[in-house]
Amino acid sequence: MPEFNFLILYVDNPPSSAAFYADLLGRPVIEQSPTFAMLPLREGVMLGLWSRHTVEPPAAGAAGFGEVAFAVGDAGEVQRLHDDWKARGLSIAQAPTRMDFGTTFVALDPYGHRLRVFVPQDAA
């Protein structure tokens, strides 16, 4: 089976999105042009930000129909990141909530992509 190593979000302005994610995640932008930017998420996994106006074939749909999820170690970290991201001005779509899979919250990036932070139930 092929190895997963890339997540691509379609955005209006890749350099602006790259600056947003670099600041939010504390990761460096390692490639950038007017139509594409890339940041490492972890060893062997990259986040690509591609201009929705130049992607081929053209992408249909809007942001918000999927999520980028980040697992953390405990519910305290969920709350800490919620408070930090809210203070940064991110829209919060779901405040910290206990769900059947664990404690979670959802924020939106500037283009409406859903960013879910969660701690799995057995770690909460």
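Atoms considered below: every heavy atom in the structure, side chains included; atoms not considered: hydrogens, waters and symmetry mates.
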Side-chain donor-acceptor pairs under 3.5 Å in residues 1-16, sequence neighbours left out?
from, atom 1, to, atom 2, distance (Å)
Asp12, OD1, Arg52, NE, 3.1
Asp12, OD1, His53, NE2, 3.0
Asn13, OD1, Ser16, N, 2.9

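- Residues meeting the ring-ring contact (aromatic ring centres under 6.0 Å, His included) test with His113, sequence neighbours left out: none.
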Taking distance alone, no hydrogens or angles, what donor-acceptor pairs closer than 3.5 Å link side-chain atoms of residues 59-72 to residues at least two apart or in another chain?
from, atom 1, to, atom 2, distance (Å)
Glu67, OE1, Arg116, NE, 2.8
Glu67, OE2, Arg114, NE, 3.0
Glu67, OE2, Arg114, NH2, 2.7
Glu67, OE2, Arg116, NE, 3.4
Glu67, OE2, Arg116, NH2, 2.9

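- In this structure, the salt bridge (Lys or Arg N to Asp or Glu O under 4.0 Å) partners of Asp23, at least two apart in sequence or on a different chain, are Arg88.
- Residues passing the side-chain contact (heavy atoms from CB on, under 4.5 Å) test with Pro34, sequence neighbours excluded: none.
- For Glu77, the side-chain hydrogen bond (donor to acceptor under 3.5 Å, both in side chains) criterion is met by Arg80, not counting sequence neighbours.
- Scored by the ring-ring contact (aromatic ring centres under 6.0 Å, His included) test, Phe105 finds His82, Trp85 as partners (sequence neighbours excluded).
- Applying the side-chain contact (heavy atoms from CB on, under 4.5 Å) test to Pro110 and every residue at least two apart in sequence or in another chain returns Phe20.
- Considering only heavy atoms from C-beta on, Tyr21 stays 4.5 Å or farther from Arg27 through its side chain.
- Note on residues 40-50: no pairs pass side-chain hydrogen bond (donor to acceptor under 3.5 Å, both in side chains), not counting sequence neighbours.
- Here Leu108 sits alone; no ILVMFWY side chain lies under 4.5 Å from its own, so it joins no hydrophobic cluster.
- In this structure, Pro40 and Ile30 have side chains that are in contact, with non-hydrogen atoms separated by less than 4.5 Å.
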